[in-house]
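I have placed the structure first, in the form of structure tokens, so that the comments after it can refer back to it.
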Amino acid sequence: MSSGGVVLKDLKVLLVEDQTEARAMIRNMLAELGITQIFEAPDGKEALQFIDSAYEFINIIICDWNMPSMNGVELLRQLRTVDPDMPFLMITGRGDLESIVEAKTSGVTGYIKKPFSAAQLEAKLRIVVHRMVAA
Amino acid sequence: MFFFYLPYGLALFLGVIALFFVWRNYVLHRHYKLLEDSINTPAHGLVFFDEKGRFHKANVQAHKYVPFLENKNSSDLCFDGFLNYLYDHAMDCDESLEKAIEGTAGKMTSQGFREVIEWGEGNICLAEVQKTKDKSAIVVLNDISDLKKQEENFLRLNRYSHELSQAIEAAALGIVISDPKQSGNAVIYVNEPFCRLAQMKREEVIGNDWAILLGALDDSNCAESLVGSIVKGEQADIEAEITTDGGARWFNIKLTPVRDRKDQLDLFIGVFTDVTEQKQREAEAFQGKKLEALGQLAAGIAHDFNNILSIVDGYIRMADNELEEDSKAANFLQHSRKATKRGAELTKRMLMFSRHKIIAQSVVDLREVVRDQEPLLQPLLDASVSCVVRTCADDICIECGPDTVGQILMNLAINARDAMPDGGTFLVEVKMAETEDLPVAIPVGERGNSFARLSVSDTGTGMDKKTVDRIFDPFFTTKEQGKGTGLGLSMVYGLVQETGGYIGVQSFVGRGTTISIYIPLTDKEPTKQIKGDATNIKDLRLEGYTVLVAEDEPDLRLVVCDMLEKLGMTVLQAENGNEALAKQEDFEGQIDILLTDVVMPELNGVKLAELFQSLREETKIIFMSGYPANGNMARVELPEDAYFMAKPLEYELLARLMYQRLRENDSDNPNEGPAIESARWKTGGDAEG
């Protein structure tokens with residue numbers, strides 16, 4: 001479970017999702033992949049605060065697009081001003097071209113459409129990790 | 001004495017005589033003056049010639065009209081010369097004038113004639129030549145310039161009126177004029193277009209009253225309202241439907257009363273405009289807007305529903321992990337998971353309708369795609385329904401998504417099956433669309449383009465107009481509760497929109513339905529083409545198909561990629577599983593086949609295949625390995641019915657296997673070579689052959 005030395009289970013994830021149930025479900029999926037270092041934030045603002053105070057504790061962000069107070073794209077834009085390379089996997093319920101173009105131009109490393117399976121999440125994480133290593 | 005006075009008397013007498021002559025001369029002069037004045041006074045010109053044809057006199061007006069009279073040469077100034085002048089200036093030389101010229105030779109023999117001459121610019125004069133008893137001639141000249149102009153205007157008006165009536169006959173509008181003064185307000189004029197629209201002969205309409213004409217209206221209330229307006233002499237403007245031999249058509253009917261100077265009703269003019277196409281366009285536009293709004297609604301619901309489904313599915317998985325396998329609760333959860341899968345399928349369909357998907361378009365020959373679908377259609381239909389596929393001889397290349405035509409056909413087949421509970425024929429036809437067949441929904445600007453026509457007909461129950469109007473609405477269904485989602489045709493609508501195409505529906509209750517899909521043709525060559533077949537591997541080409549090769553051994557990867565490129569395939573390569581996943585993410589087109597090594601570091605081929613297919617369900621997998629196919633696959637278990645190739649790879653076998661997987665829909669084809677079957681790996685058993 002590694003890609004160029006990066007092992008999935010060694011990922012340090014910040015999971016940003018406003019719905020508690022969804023957050024718990026993704027956390028469970030990540031745990032199934034052997035990932036143990038999972039931090040959670042209910043919205044973009046809290047996520048930014050976490051990044052400010054505990055930057056070294058994470059190496060990937062998994063973030064929902066639609067959230068109150070600060071959505072995923074806004075969080076990503078703010079993150080990119082301080083860290084252009086942090087892998088960022090956007091979770092989206094939208095599959096339309098405009099949304100995906102917007103996410104890509106904002107600098108996402110990857111995106112995953114809801115509803116997704118554990119296999120899809122693993123595949124997407126592997127892609128993001130591969131890109132992280134390749135960069 | 002007498003002699004003394006005689007001279008005085010004579011002188012007196014002579015003086016009286018002289019006085020008498022002076023007085024007479026005076027009187028004569030006065031008379032002459034009066035006569036001359038009277039000749040000069042009238043507006044018409046007068047010219048007198050004596051019995052020998054010599055010019056005698058002309059009044060002032062005559063001099064004005066006939067500059068010829070100013071001629072000082074007396075030999076020219078004669079009747080003959082005058083006639084020649086008339087001849088030279090005649091507007092339309094009269095036969096009498098010609099005869100007069102021939103016959104005169106110095107004297108006037110003609111009985112008289114009239115001639116119109118033009119003098120000066122645009123001035124017209126009527127010359128009336130009359131012979132008197134003493135054979136002298138009088139010419140009366142009248143300026144008729146104004147009269148001529150009036151005549152010309154009159155003629156012009158006449159011409160306009162003629163042109164106007166021609167225009168009315170040529171117009172697309174049906175025009176009827178009736179006379180309210182006649183009994184029953186009888187029709188006195190009807191133009192040809194009306195006869196065509198109403199499919200009546202002119203003689204059938206003329207003399208008839210309005211009630212008979214309006215009797216053709218489908219809506220009797222409309223007809224009554226129009227007749228009421230006519231009776232009251234009021235204006236009316238309504239739209240009504242009339243069923244003609246060519247089907248139902250919509251007309252705008254405008255009735256206008258025309259009143260005379262005394263404000264009495266003089267005429268009634270009815271203008272019938274065929275607005276069927278306009279109505280259809282409005283209906284199409286309305287339908288388009290309605291479907292767009294419903295699409296947005298469906299997309300919104302799908303989005304939220306997806307979120308909910310993700311959570312439900314996730315917790316089912318979590319709960320399942322906590323339970324013992326084969327426990328009752330685990331079994332219940334399996335059912336719940338199946339239900340969430342159905343839910344996910346539903347949202348997928350809703351999003352398909354809402355047209356907001358990313359689809360990699362490729363060029364396909366519509367005939368081939370439809371023929372490829374044929375084996376898949378028959379199982380969807382009941383045994384009592386025969387499936388007939390007809391394709392034309394010409395190439396029909398269109399641009400569409402990889403699965404567009406298949407999805408369209410499958411949904412239409414299911415609908416057709418349900419419309420034919422007692423069996424029938426399901427006919428699929430592919431041909432070039434004729435311009436006259438194009439539905440009105442196609443905008444004028446696009447009508448010049450070429451379209452492919454994919455029509456799907458059934459011989460089922462058919463639908464009434466109200467049902468036809470709603471068939472593409474999401475969630476609209478005529479099926480029993482629980483038997484249909486009402487999304488099938490909505491999906492078809494969305495898919496056709498993706499291709500830039502249009503749909504036309506023709507349905508007759510009791511006779512069946514034909515759904516015709518018009519897709520713009522493209523000049524481009526088909527993106528994917530299989531040339532040749534497995535019987536002659538040397539000539540086999542799999543052009544336009546894409547294969548991703550995941551192989552960690554660089555030299556072997558090079559060899560395999562080279563073989564596949566020889567087949568004309570687009571080859572993507574990755575040195576490990578993670579890279580393969582990233583490569584597919586970056587590739588926007590369809591990846592037809594993943595050819596993966598089984599044993600690779602980081603991510604083995606079987607796991608890669610599982611992850612890969614979670615992202616690209618349609619990709620077919622072929623495994624390859626140096627380990628024997630029948631035994632211990634270095635602790636990696638291949639899935640059941642997996643396709644496997646043993647290394648070292650042989651070009652012929654690889655090509656056959658590629659061909660077979662790409663033509664999988666035809667896998668029942670008995671012509672498959674034995675070498676293909678030998679590549680099939682069955683879990684729990686030996687590879688065959």
Side-chain angles (χ1 to χ4, degrees), chain A residues 1-8 17-33 64-67 89 91-101 104 108-135, chain B residues 295-296 299-319 321-322 337 340-341 343-345 347-348 351-352 354-359 574-586 588 601-604 607-617:
Chain A
M1 282 215 185
S2 73
S3 181
V6 179
V7 182
L8 273 193
E17 165 67 74
D18 58 317
Q19 292 183 50
T20 322
E21 304 90 343
R23 212 163 56 227
M25 185 200 77
I26 299 166
R27 191 202 313 126
N28 184 263
M29 284 181 177
L30 294 171
E32 277 180 21
L33 293 173
D64 189 24
W65 183 310
N66 282 323
M67 287 181 300
L89 180 64
I91 302 167
T92 169
R94 306 196 275 186
D96 57 293
L97 186 62
E98 293 80 14
S99 308
I100 287 164
V101 167
K104 278 189 173 175
V108 291
T109 326
Y111 61 88
I112 184 164
K113 273 193 290 176
K114 288 182 190 174
F116 53 83
S117 62
Q120 283 168 330
L121 181 64
E122 182 183 347
K124 291 288 180 175
L125 280 175
R126 283 181 177 278
I127 292 164
V128 169
V129 167
H130 178 79
R131 282 180 181 158
M132 187 165 76
V133 173
Chain B
Q296 283 174 359
I301 294 171
H303 170 256
D304 288 350
F305 198 57
N306 270 346
N307 280 350
I308 297 164
L309 279 179
S310 316
I311 295 164
V312 174
D313 189 60
Y315 278 99
I316 291 171
R317 273 171 37 79
M318 283 155 69
N321 287 345
E322 300 295 321
R337 288 203 78 178
T340 57
K341 269 194 178 172
E345 192 56 38
T347 53
K348 204 168 146 189
L351 287 168
M352 237 182 225
S354 70
R355 301 176 53 200
H356 290 294
K357 295 182 291 104
I358 303 158
I359 285 192
E575 64 178 42
N576 58 51
N578 288 340
E579 191 184 6
L581 290 171
K583 279 273 164 80
Q584 69 77 33
E585 184 90 341
D586 294 336
E588 287 185 355
E602 295 186 28
L603 184 63
N604 71 51
K607 183 72 181 166
L608 167 63
E610 181 200 333
L611 297 182
F612 202 98
Q613 283 196 312
S614 77
L615 301 174
R616 288 180 181 258
E617 209 179 342

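Just so we're on the same page: letters track the sequence lines, and every chain starts at 1. Bear in mind that the values here come from a model prediction, so they are computed numbers and not experimental data.
Residue contact with chain B, scored on non-hydrogen atoms closer than 4.5 Å, is absent for A:A31. Proximity to chain A is absent for every atom of B:Q613, based on heavy atoms less than 4.5 angstrom apart.
Counting heavy-atom pairs under 4.5 Å between each of A:P115, A:A22, A:S117, A:A118 and chain B puts A:P115 at the top. Considering only heavy-atom pairs separated by less than 4.5 Å from chain A, the leading option among B:V312, B:T340, B:L611 is B:L611.
Across every non-hydrogen atom of B:E610 and A:A119, the tightest pair is OE2-CB, 4.0 Å. Heavy atoms only, all atoms of each residue included: B:A582 and A:H130 are closest at CB-CD2, 3.5 Å. When all heavy atoms of A:E21 and B:Y315 are compared, the pair lying nearest together is O-OH, 3.1 Å.
Between A:M25 and B:R317, every side-chain heavy-atom pair lies at or beyond the 4.5 Å cut-off. Side chains of B:L615 and A:K124 form a contact here, defined as non-hydrogen atoms less than 4.5 Å apart.
Using a 4.0 Å cut-off between charged side-chain N and carboxylate O, B:D586 and A:R131 make a salt bridge.
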